[in-house]
Visitor: 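Next up is a structure, given as structure tokens.
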Amino acid sequence: MSGRYDVAIVGAGVVGCAIARELSRYELRTILIEARSDLGDGVSKGNSAVLSTGADTPFGSLECKLVSRGHQRYVAEAPAMGLPIKAIGSLTVAWNNDERRIVEQLQAETVAAGFHDVVVVGADEIYRRAPHIAPGAVAAMWDPEEGIVDPFSTPYAYALDAVTNGVTFQDRSPVEKAERNGAGWHLHTPRGVVEAGIVINCGGLGAAKIEALGGFSDFVMKPRRGQFLVFDKSARTLLDVVLKPVPTPLYRGILMTPTIFGNILVGPTSEEIDDPDDWRVTQSGIDALLAAVRRLLPQLLDHEITATYCGIRPGTERPEYRIIPRPDERWLTVGGIRSTGLSGSLGIAEHVAGLVVGEMIGGRRKPSHTVVSVPSLAAGERPWLNGKAADPEHCEIMCHCEGITLGEIREAMASPLAPRSLKALKRRTRVMFGRCQGFFCGARVQALFERLSAERST
Amino acid sequence: MMPRDAEVVVVGAGPAGLTTAAALAERGVERVLVVDRDDEAGGLPRFCSHLGFGWEYTHRLETGPGLVRRLLRRLDSNAVTLLTRTSVLSVKPGPKVELVSGRHGHMHVEPRAVVLATGIRERPRSARLVPGKRPAQGILTTGQLQQMVARGVPVGGRRAVVVGTEHVAFSILLTARHAGLDVVAMVGAEDRIMSYAVAGLVARTMGVPIHLSSTVDDIQGADRVESVALRGPSGQRSIACDTVIFSGDFIPDAALMPGSGIAVAAATSGPSVDQYGCTSAPGIFAAGNVLRAVESSGLAAIEGARVGTNVAAYLEGLLAWPDVGTCIRLTEGLAYIVPQRWVPTNDSGYATRSLPISLRALADVPRARLRLIENGKEVWAGREMKVLRHRRLALPAAILDRLRGGDAALHLDPV
């Protein structure tokens, strides 16, 4: 595939997809190109699924501004996209008097930075909100706005919106060479040459590599791995807030939170890694997470573990976003999105679109756009409860642990962004994401996936 | 019969569920609904084509599918309605059952009794906390591989490592061969195999090395598994393979228990039951491997048949819903006992049948003896025997009838 575009976005993670959606509101020919066979398959597939308000980012930074704006927009726009959000609030808990002093100071700074709802609460309030945590909490910072979201459906909803509103999506296209010409760039991929007026590098962990192809070297990647444990849904009653430790300047610590799907999530660890592809869960990581559980919420250990995974934060040598517009070079870098890409995505997208149309190539806003929504996969929201009880395919469950129906799989496979692999289907629908990890349904789902894929290609 | 007219709902159409339904029909219960969420009845045995299924119940050498066919033939279709592709979403006190299926949509049923026969599953790699990468392809449980082979889904690998040495790990050697997979190693955490000695001999005859006292330390691979690293007595070693099969490590499928009023037994993760199969929730019985992981399909079938008889007695008023009764305490060295509770018999018409006892030890003991003690007095003593932790310990159910409602404890005394 090849062609001429005004804008080429390189990298279909949550940030690239959000930018594609944002630019689809303008009279611009935009293409979103992705190296892998699915969107959201790199950094965006492994995070804590907590929507930060920005209150835990460095105050005064671009990151803080864009995450705050991203949070505000997500709360406003997610419902129309069908994306679930639950503002459960967070407790940053002090376990001794030293930590209490830090929490009090942190709260004062947080309020001063504009997060006016954040308060310090005492032990009574902590145990009212989180009755099952270990004894000994002395004080906490309560942020009522922090929420949990669906991290897999979010980039998908953005990309589906973008594609529906005119953006071209091209997967399996790692950029191998970038050539500057008078009007912009020629991006060489195994699936053809993409000509674009400007390039937006959203390469995530590969951002520095993409930069190098364009001849830029403003930063180096310092990837940090974060490991997680997902506990069985039977544990959901143990916790209904985001539980955080007192942060240090370098590490926000291991948090515990319910997920929007009804599990309890514990993580992340934080390890600097050399190989940006080292997606390993390690024994020491698992041990650190279990130790935190034993300390903070020991009853969780009575429940089964459903999954382990890790994410890799695309940090650079400086603890900040590396958003660099280069109007003369017709190149815009969106790098170093550290660990706040999901929370900041809509804020980053707005900021980047502002740079594109304001400083780089211009572009008129379209008078209207098509509203796109995706099916909700949040706990308790199943098709037979959401007006589809009369549709037989939406009442036949294929994945028993998560209650995912034949109808949902068919719909995912009929999407303009149909999954090309079983793992992509998992992210779209949650099949095989439950406690049995495919023991019961794996064979049936795979057979169905292969049949529907074959039908689609003929 | 429409589902909402059911007098009894049996959840799960594996061996235990099918024999429960057959026993209910034999006792004259006319509206029995058996639901199963899979596309066909039979439970896990229908994916196991080797011999040995149901022996204790049928006394015939049969394959898994063979056993299922036999059990299905015994069902009286006038009394029993079998609904597959039907999921039970919840069981609530009452009992109330919430179902969803393509055919009947979303509905609520209020039968007089419910029997949970939901069986077991294997713990996947994630629950076993095995470190390493998570390639999208090549990491399976035995159950998933058996289903893939039975359903003709390509496995797509050549070289497999099997983790676990329980019976099922050896049965998978045959399944793997059927799927075109060469098993290049078996790995067991224990210092001996958790199956019959002859199984190990068969594996070695097939040229499959068994690494004991060893664990998987790392998994490598991007899209598909490329290798595993083992840690064992002789240090670390890497084995090139494209498939890792996690076998055994079974756990009751207890998803329906939260919210049902059923007390869970910590030792088994299954429902706590008395000798009739009554859970702590009135009207809700349980049978088969959901009671514990794991016994043979034959024992599960026997349990189903007996619980079916007891449910019929309950419906006829011959079995009043029992109290909690006496919890049989286990002393050091014993892992679990099912049934966990014993109630003084209140069956005047000999209409009930006690569950067989399944009892396991935590560790191997060369010579030991079981003793049942009530209020400090020995009620029963077994013969000396060799205790293997992967085998059921023989304990006749009739000895529980000697209990008088005092403090009952079961001892395993090394000799």
Side-chain angles (χ1 to χ4, degrees), chain A residues 37 229-230 232-234 236-237 277-287 290 302 304-310 382-385 388-398 400-401 403 405-407 421-424 426 432 434-447 450, chain B residues 37-39 44 47 85-89 99-107 120-137 139-154 217-220 222-223 231 246 251 253-255 257-258 264 266 269:
Chain A
S37 67
L229 299 178
V230 184
D232 194 285
K233 290 181 174 180
S234 60
R236 178 64 177 84
T237 51
D277 251 342
D278 190 359
W279 299 88
R280 264 189 310 173
V281 174
T282 63
Q283 191 62 54
S284 58
I286 291 168
D287 291 344
L290 289 175
D302 298 338
E304 288 283 312
I305 288 169
T306 295
T308 60
Y309 68 92
C310 70
R382 299 285 71 236
W384 56 87
L385 299 172
K388 291 183 174 166
D391 179 341
E393 291 201 342
H394 276 291
C395 289
E396 180 167 346
I397 293 178
M398 292 291 288
H400 308 297
C401 301
T405 63
L406 177 59
S421 65
L422 205 49
K423 75 174 174 180
K426 285 166 76 171
M432 297 164 76
R435 57 174 69 91
C436 90
Q437 298 276 301
F439 173 86
F440 289 119
C441 71
R444 257 179 104 189
V445 168
Q446 190 176 336
E450 276 162 20
Chain B
R37 59 197 190 176
D38 214 339
D39 52 351
L44 295 183
F47 305 114
R85 296 174 187 262
T86 302
S87 300
V88 175
L89 300 171
L99 301 164
V100 69
S101 76
R103 200 159 133 207
H104 295 280
H106 182 214
M107 70 197 148
I120 40 154
R121 61 184 173 84
E122 282 167 304
R123 279 197 178 85
R125 176 260 177 111
S126 50
R128 303 181 196 212
L129 299 177
V130 173
K133 289 190 181 173
R134 301 166 52 249
Q137 293 171 62
I139 296 181
L140 301 170
T141 48
T142 317
Q144 188 176 349
L145 177 64
Q146 283 171 337
Q147 273 208 48
M148 289 172 84
V149 172
R151 292 178 186 276
V153 178
D217 222 21
D218 192 19
I219 296 176
Q220 283 294 334
D223 281 337
R231 182 173 294 282
F246 287 90
I251 179 172
D253 186 19
M257 281 191 270
V264 175
S269 305

Visitor: Quick check against the 3.5 Å criterion: does B/Q147 have a side-chain atom that pairs as donor or acceptor with the backbone of A/C441?
Guide: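 Checking the backbone N and O of A/C441 against the side chain of B/Q147, no donor-acceptor pair under 3.5 Å is found.
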Visitor: Would you say that B/K133 contacts A/D278 through its side chain, given a criterion of any heavy-atom pair below 4.5 Å between the two side chains?
Guide: yes
Visitor: List the steps and the verdict of side-chain contact (heavy atoms from CB on, under 4.5 Å) for B/R151 and A/R444.
Guide: CA-CA 8 Å; B/R151 292 178 186 276; A/R444 257 179 104 189; 3.4 Å; yes
Visitor: In Å and rounded to the nearest 0.5 Å, what is the SG to CZ distance from A/C395 to B/R103?
Guide: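 Spacing of SG (A/C395) from CZ (B/R103) equals 13.5 Å.
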Visitor: Check salt bridge (Lys or Arg N to Asp or Glu O under 4.0 Å) between A/E393 and all other residues, then give those that pass, not counting sequence neighbours.
Guide: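 Testing A/E393 for salt bridge (Lys or Arg N to Asp or Glu O under 4.0 Å), a comparison that skips the adjacent residues, returns A/R410.
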Visitor: With distance as the sole test, does B/S126 use its side chain to make a donor-acceptor pair with the main-chain N or O of A/T308 at under 3.5 Å?
Guide: no
Visitor: What part of A/I286 gets closer than 4.5 Å to chain B, counting heavy atoms only: side chain, backbone, both or neither?
Guide: side chain
Visitor: Going through the distances and angles, do B/R231 and A/Q283 end up as a side-chain contact (heavy atoms from CB on, under 4.5 Å)?
Guide: CA-CA 12 Å; B/R231 182 173 294 282; A/Q283 191 62 54; over 6 Å; no
Visitor: Is it the side chain or the backbone of B/Q146 that comes within 4.5 Å of chain A heavy atoms, both, or neither?
Guide: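 For B/Q146, no heavy atom lies under 4.5 Å from chain A.
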Visitor: Please enumerate all residues that pass side-chain contact (heavy atoms from CB on, under 4.5 Å) together with B/S87, with sequence neighbours excluded.
Guide: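 Checked B/S87 against side-chain contact (heavy atoms from CB on, under 4.5 Å); matches are A/I397, A/H400, B/R37, B/V100.
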Visitor: With only heavy atoms counted, which part of A/L385 is less than 4.5 Å from chain B, the side chain, the backbone, both or neither?
Guide: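 Just the side chain, heavy atoms under 4.5 Å.
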Visitor: In terms of heavy-atom pairs under 4.5 Å with chain A, which of B/L140, B/V149, B/D217, B/D39 leads?
Guide: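 The residue among B/L140, B/V149, B/D217, B/D39 with the greatest pair count is B/D39.
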Visitor: Working to the nearest 0.5 angstrom, can you tell me the gap between A/C436 SG and B/I251 CD1?
Guide: 11.5 Å
Visitor: At a 4.5 Å cut-off on heavy atoms, which part of A/D277 comes close to chain B: side chain, backbone, both, or neither?
Guide: backbone
Visitor: To the nearest 0.5 Å, what is the distance between CZ (A/F440) and OG1 (B/T141)?
Guide: 9.5 Å
Visitor: Locate the shortest heavy-atom distance separating A/F439 from B/I120; write the atom from each residue and the value.
Guide: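 Residues A/F439 and B/I120, closest heavy atoms: CE2-O, 3.9 Å.
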Visitor: About how many Å separate CD of B/Q137 and CD of A/Q446, when rounded to the nearest 0.5 Å?
Guide: 7.5 Å
Visitor: Could you go through the side-chain contact (heavy atoms from CB on, under 4.5 Å) check for A/R280 and B/D218 one step at a time?
Guide: CA-CA 8 Å; A/R280 264 189 310 173; B/D218 192 19; 3.3 Å; yes
Visitor: Quick one: which of A/A389, A/A307, A/G438, A/A447 has the most heavy-atom pairs under 4.5 Å with chain B, could you say?
Guide: A/G438
Visitor: Is there side-chain contact between A/R435 and B/R121, with heavy atoms separated by less than 4.5 Å?
Guide: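 A/R435 reaches B/R121 side chain to side chain.
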Visitor: I want to check something: taking the side chain as every heavy atom from C-beta on, are B/S269 and A/E304 in contact at a cut-off of under 4.5 Å?
Guide: no
